[in-house]
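Scroll down for the structure; my scribbles are underneath it.
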Amino acid sequence: MARSSSEVPAARLPVEKLERAQALEELARLAGEIAHHDTLYYQNDAPEISDADYDALRRRNDAIEARFPDLVRDDSPSRRVGAAAADGFGKIRHRVAMLSLANAFADEDVAEFVQRIRRFLGLEAGASVEMTAEPKIDGLSISLRYEKGKLIEAATRGDGTEGENVTANVRTISSIPQRLVGADVPAVIDVRGEIYMSHADFAKLNAAQEAAGGKVFANPRNAAAGSLRQLDSRITASRPLGFFAYGWGEAPKLPAETQSGVVAAFARWGLPTNSEMKVCDGAEALLAYYRAIGARRATLGYDIDGVVYKLNRLDLQQRMGFVSRAPRWAIAHKFPAEKAMTVLRDIEIQVGRTGALTPVAKLAPVTVGGVVVSNATLHNEDEIRRKDVRPGDTVVVQRAGDVIPQIVGVVVEKRPLDSAPYQFPHVCPACGSHAVRELDEKSGEADVVRRCTGGLICPAQRVERLKHFVSRNAFDIEGLGEKSVQVFYEGGFIQSPPDIFTLEARDRAGEVAIANLEGWGEQSVRKLFAAIDQRRRVALDRFIFALGIRHVGETTARVLARAYGDAGEFRRAMIAASDRDGEAWQELNNIDGIGKVVASAIVEFFAEPANVDVVDKLLAEVSPEPLEAIAATSPVSGKTVVFTGSLVRLTRSEAKAQAERLGAKVSGSVSKKTDIVIAGADAGSKLKKAAELGVTVMSEDEWIALIGD
DNA sequence: ACCCCTCGAGTTCT
DNA sequence: CTCGAGGGGT
């Protein structure tokens, strides 16, 4: 990368002679200067100074910070690693995660959703359930933090846990108040909402962009996103962005007891809210609302991709809680997907980390719902046969849920005369091993997926396992994404996960030379090493998830982390569990959510010496930390409890969620490790077993009294 | 022996 | 996001 004119700052005082005030001033200047060069280097690919000069700047910054540790700035270059510097925005951790919503497409889904709520809350079939209904704005979700009524911070959704700090840009949006007014404005509240661009403003902006020879945006959503993510706030200020407040994150004190009440308070405080929001009762009313909004979709003046329904009463919302990453008390009812026709050029076979062969349709690029689509999954062998999709076919493509493209069907009339049904390969395209469809033990039926039998021999599987290891919910190493992992694997630098953590040592020893790779300068290598070091301490559930054991995803990994508490103990127990008559195997199977298949998969993983070797080498490099106790002080924390019989005051899932929130381990079966059995009506064998083992048994009421609810 | 719900695995594009 | 399969209850 060519570095042209060098601009070494004028000679300055040696660090040890600096006065405090001078240091303060210089750190500020260095932060700005280094950020500037980072932008040029990473974003524009057009550095102004040499690597050596850049390093000199950073070294001076570090030296001054070392002498005046209390002067280290929040935006200090030494604190920024990898992506944060690369994209110019700092990161903000959401105090309460920004979740996604479950989706409904058909009317039945909505009816089911309402039914599910009634069932969960123990209401009768026709009972009244107030819900809010509002348009789902197609923009960007944002979290605005107001303290004492003043706008303090604004963050994008990001991965839901951590977003980008876009405070400076959000301050330029005139529809977002800098200050909330009203007697009931709380001391602290994260207001959540959607930033969007109206149709009229979008048209105006694009006309202006075109006239100026600038970039024309594909749709209002992209225009809004592009405007918000400007590094120069002045550009954001010039863009007409709108905002609707519809929810909240951390909010210790809410101004009302219903969803609609809180949103009404938002409006009183000066926040823009959507005037289309209504309170409805019952599935029919929701569907009527959906159809009415759908009919007016084009005249609303802004893009929407559906309607959102939320349970109105906040106490009921709380009772229902969450499933994985979405609330159980809300759902997005999406408008039907847009369709398009295109030619399927070829079918490519991809190999996943478990060896699954997945066919992907390579399409002639076509615009569907505002984005250009050129790939679509065909899922599996049977799916191809069912739809009789062949290379050369003209196919109908749609974006399901407006996101993932899928092939709806083939236009048979347009099929070339010489086409023949597609033959799914029986060997792995990556390693040539046999690819088979495993047979189910009991039914003898073939698995839907065809899998490469190569295991660790297969380069594709090895790379995929590495990608999984560094992925967002696993080790999440900044600057080491899918692409770089691939490059490092091919370069022979990283063969398996532990190699990641020995990379720096080997680089120093001259065994590998990352800086020789294209696109890897001295600075990016340094940042990568720093990012890797940051992950030497990692939560145990992430560690277990990262191993990539079959059938062990995020949730199961968390369950295992909770159950064993410590990586060494987990390793020991899983090896011991290979004895299917032993206690360790029993204990594993007793964990709620783990059955024979999952237990076997874990034991088989640890029966493979190569896998144990990976775990051991990893444990030499990283320290997995136990999960934070959820509520160390509750009377049931650390206790193993089993629910049995039919509960009256709580539903089963409520009871389980609540117990876990209080730090209890909920198990599915009674063993001598069980502390409490909560027996509802008609409890059967589990109650008997509890009596045999002398385990404490209590009624539902006693349990509720114990946890003090 | 079924049935329902939840979880895992794989995929797209910006 | 969707599909398939595992887990657990009836």
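Everything quoted here is computed from the prediction, not taken from an experiment. Sequence lines set the chain letters: A, B, ... in the order given, protein chains first and strands last, and positions in each chain run from 1.
What separates CG of A/L101 from P of C/dT2 is a distance of 14 Å, to the nearest Å. Distance A/R550 CZ to B/dG10 C1': 13 Å, rounded to the nearest Å. When rounded to the nearest whole Å, the span between NE2 of A/H468 and P of B/dT11 equals 14 Å. Between the CG atom of A/D109 and the P atom of B/dC5 there is a distance of 13 Å, given to the nearest Å. When the P atom of B/dT14 is taken as reference, atom CG of A/N375 falls 11 Å away, rounded to whole Å. Between the CZ atom of A/R353 and the C1' atom of B/dG10 there is a distance of 9 Å, rounded to whole Å. The CG-C1' distance, from A/L140 to B/dT14, rounds to 11 Å in whole Å. To the nearest angstrom, P of B/dA9 lies 15 Å from CD of A/E482.
In summary, A/D382 and A/R437 engage in a salt bridge, as defined by a charged side-chain N under 4.0 Å from a carboxylate O. Ion pair A/R229/A/E164 flagged as a salt bridge, since at least one NZ, NE, NH1 or NH2 atom sits closer than 4.0 Å to an Asp/Glu carboxylate oxygen.
The side chain of A/T358 has B/dG10 as its nearest neighbour among B/dG10, B/dC13, C/dG6. With B/dA9, C/dC1, B/dT12 as the choices, the nucleotide that has an atom nearest any side-chain atom of A/T354 turns out to be B/dA9. Closest contact between the side chain of A/H551 and the listed nucleotides C/dG6, B/dT12, B/dG10 involves C/dG6. Distances were taken from every side-chain heavy atom of A/V597 (C-beta onward) to each of C/dG7, C/dC3, B/dT6; the shortest belongs to C/dG7. Nearest nucleotide to the side chain of A/D592, out of C/dG8, C/dA5, B/dA9: C/dG8. Comparing atom distances between the A/V598 side chain and each of C/dG7, B/dG8, C/dG4 picks out C/dG7 as nearest. Listed candidates were C/dA5, B/dG8, B/dT14. Nearest to the side chain of A/N222 is B/dT14. Nearest to the side-chain atoms of A/S374 among the listed nucleotides B/dC13, C/dA5, B/dT14 stands B/dC13. For A/K334, the listed nucleotide lying nearest its side chain is C/dC1; candidates were C/dC3, C/dC1, B/dC13.
Contact check, A/R328 against B/dC5: no side-chain N or O comes under 4.0 Å of OP1 or OP2. At the phosphate of C/dT2, neither OP1 nor OP2 sits under 4.0 Å from any side-chain N or O atom of A/T377. Contact check, A/N380 against C/dC3: no side-chain N or O comes under 4.0 Å of OP1 or OP2.
Within the 4.5 Å cutoff, side-chain heavy atoms of A/H333 are placed close to those of A/Y309.
Here A/Q350 lies in heavy-atom contact (under 4.0 Å) with sugar-phosphate atoms only. A/V449 comes within 4.0 angstrom of nothing in the nucleic acid, heavy atoms only.
For A/F113, there are no ring-ring contact (aromatic ring centres under 6.0 Å, His included) partners, not counting sequence neighbours. With sequence neighbours excluded, the residues that form a side chain to side chain contact (heavy atoms under 4.5 Å, CB included) with A/N375 are A/V360, A/K362.
Place A/F545 and A/V360 on DNA chain B by their nearest nucleotides, and A/F545 ends up nearer the 5' end.
If you run side-chain contact (heavy atoms from CB on, under 4.5 Å) between A/Y564 and each of A/V559, A/I591, A/L540, only A/I591 comes through.
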